[in-house]
Protein chains: 2
Amino acid sequence: MKYPSCLSEIYAHPGIDELDLSSIYTAHEQVFFSKGEFILTEGQLSNAYYCLENGLVRAFAKSAEGNEITTAFFSPNEIVIEVASLFLRQATRENIQALSDCECWMIRYDAFQDLFENISGFTEWGRSWMSRALLANKQRSLSMITDTATNRYLKLQQEHPKVLQMAPLKYIASYLGVTDSSLSRIRKEVALKGY
Amino acid sequence: MKYPSCLSEIYAHPGIDELDLSSIYTAHEQVFFSKGEFILTEGQLSNAYYCLENGLVRAFAKSAEGNEITTAFFSPNEIVIEVASLFLRQATRENIQALSDCECWMIRYDAFQDLFENISGFTEWGRSWMSRALLANKQRSLSMITDTATNRYLKLQQEHPKVLQMAPLKYIASYLGVTDSSLSRIRKEVALKGY
DNA sequence: TTGATTTCTTGTCCTATGACAAGTTGATTT
DNA sequence: AAATCAACTTGTCATAGGACAAGAAATCAA
């Protein structure tokens, strides 16, 4: 059987077979978000995560001065999720917003828990996914310390080329930890030097 | 009964009563590390965490250029842990090192799992602890983006005054994301302005 | 279509911080 | 004590990036 491509991608894992995938698929519901719509708002309790089939999403937090700092981008075939709130059942301090019209496959907390308890391949997959997520987090922190803004831009270009094309500059800038003007100059430099 | 002070501190939680605390206490073993000794080395699988009774500990990772970047400090009454490796059973990329002679109460993975399954207050406590840890992580990332080096220094001063007194400057500098010389100048500035 | 709004670029100037090197101090070894 | 080494400070210079302001370009609304 043919499943939505983001589900096949995301749940590709040695421990997950066709049958498992079928149960996993059934546990998801298709949902759509319009450009600008909030998928999660600070203060809420996250009750689901979303496999992104199409579109672009960002997460952001507010700095002490009240500025929005983009903390993550999500592209197709990635999981839109706020781990702390979803797994720990705490109100979130982040916002998650669709940057374009989005097509998602949502799985609710309870359905997810069921899969986690009943499909051992899913448990393995979850651990592996979480492991990669934690590592990515740590590497982002390190990158903020050791890399120049230009290098962080180039890395983002490699890992999320779509983001650079679709997201407004100001969101990318706060994600990279620079001002709008600086990012504009970085872009120019990168274009000139032909990276 | 009287337990080691770091255990009483760390496991203070509404859901944990005297009896629970007694089981928890029994699951720990006292261990000592000498100044400079490694508690965990990159490539290893973490098999325990450590409640720090006395001493100072740091975690560090290597940057792409091979420089050591201090990623965390641990003071008494805190838990010395590498979450990714311990919980996800993966080899770690971090190193954890005693910066002074240390007295710890260690709990092994299996003992921890037992408590987690059998003492509901411990499960709650674990979630709450993890929640705070995830949040702290995210806030550190944000701080690297939004705060000046001097502000990060002042925050560290408030949250971990002992670290500033005991840790060599170079470790503090890489934790704050600045060079040794810059930190030296930040110290001078802070001393002058009398913060 | 026209005006308003948002997005992005660019200029000028300034400050924080890095790179590098030299010097000081204090601890450790022989 | 002398020599060595690590920890820290300080100076000089260079540069990345911030603050602010003025456009240009694109998008959206009326």
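Sequence lines set the chain letters: A, B, ... in the order given, protein chains first and strands last, and positions in each chain run from 1. Worth saying up front: this structure is predicted, and the values here are computed from it rather than measured.
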Distance to the ring centre below 6.0 angstrom and angle to the axis at most 45 degrees; does that hold for A/Arg152 and A/Tyr175?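 Checked: cation-pi criterion not met.
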From the set D/dG11, C/dT9, D/dC8, return the single nucleotide nearest to any side-chain atom of B/Lys188.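 In terms of side-chain proximity for B/Lys188, the closest of D/dG11, C/dT9, D/dC8 is D/dG11.
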Return the nearest nucleotide to the side chain of A/Ser181; candidates are C/dT10, C/dC8, C/dT17.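 Within the option list, the nearest is C/dT10.
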Roughly, in whole Å, what's the span from [atom1] in [X] to [atom2] in [N]?
{"X": "A/Arg152", "N": "D/dA16", "atom1": "CZ", "atom2": "C1'", "answer": "11 Å"}
{"X": "B/Met144", "N": "C/dA16", "atom1": "CE", "atom2": "P", "answer": "17 Å"}
{"X": "A/Asp180", "N": "D/dA25", "atom1": "CG", "atom2": "C1'", "answer": "16 Å"}
{"X": "B/Leu164", "N": "D/dC8", "atom1": "CG", "atom2": "C1'", "answer": "15 Å"}
{"X": "B/Leu183", "N": "D/dT10", "atom1": "CG", "atom2": "P", "answer": "13 Å"}
{"X": "B/Arg185", "N": "C/dA21", "atom1": "CZ", "atom2": "C1'", "answer": "11 Å"}
{"X": "B/Asp147", "N": "C/dA16", "atom1": "CG", "atom2": "P", "answer": "15 Å"}
{"X": "A/Leu169", "N": "C/dT10", "atom1": "CG", "atom2": "P", "answer": "12 Å"}

If you draw a 6.0 Å radius around CD in A/Gln158, do more than 12 non-hydrogen atoms from other residues or ligands fall strictly inside?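 Counting other residues, nucleotides and ligands, CD of A/Gln158 stays at 12 neighbours or fewer.
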Looking only at side-chain N and O atoms, does A/Ser141 offer a donor or acceptor that is under 3.5 Å from a partner on B/Ser141?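 Judged by distance alone, the side chains do pair up.
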Is there a side-chain contact between B/Ser182 and the phosphate of C/dT17, meaning an N or O under 4.0 Å from OP1 or OP2?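 No, B/Ser182 has no side-chain N/O under 4.0 Å of OP1/OP2 on C/dT17.
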Proximity of A/Phe73 and A/Phe60 rings by center, below 6.0 Å: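 No.
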Dump the intermediate steps for side-chain contact (heavy atoms from CB on, under 4.5 Å) on A/Lys155 and A/Arg140, then the final yes or no. CA-CA 11 Å; A/Lys155 276 190 185 174; A/Arg140 175 162 151 76; over 6 Å; no
Would you indicate whether the side-chain heavy atoms of B/Gln97 and B/Ile39 approach each other to under 4.5 Å?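 With C-beta onward as the side chain, the pair stays apart.
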Determine whether A/Trp125 and A/Tyr11 satisfy the following criterion, ring-ring contact (aromatic ring centres under 6.0 Å, His included), listing intermediate values before the conclusion. CA-CA 7 Å; A/Trp125 167 86; A/Tyr11 295 111; 4.7 Å; yes
Across all strands, who's sitting opposite C/dT30 as a Watson-Crick or G-U wobble pair, both distances under 3.5 Å?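 Across all strands, the one nucleotide that pairs with C/dT30 is D/dA1.
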Return the nucleotide paired to C/dC8: Watson-Crick means purine N1 to pyrimidine N3 with N6-O4 or O6-N4, wobble means G-U with N1-O2 and O6-N3, both under 3.5 Å.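 Checking every strand shown, C/dC8 finds its partner in D/dG23, with both distances under 3.5 Å.
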DNA chain C-proximal residues of residues 170-179 of chain B, any heavy atom under 4.0 Å: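 Only B/Gly177, B/Val178, B/Thr179 qualify.
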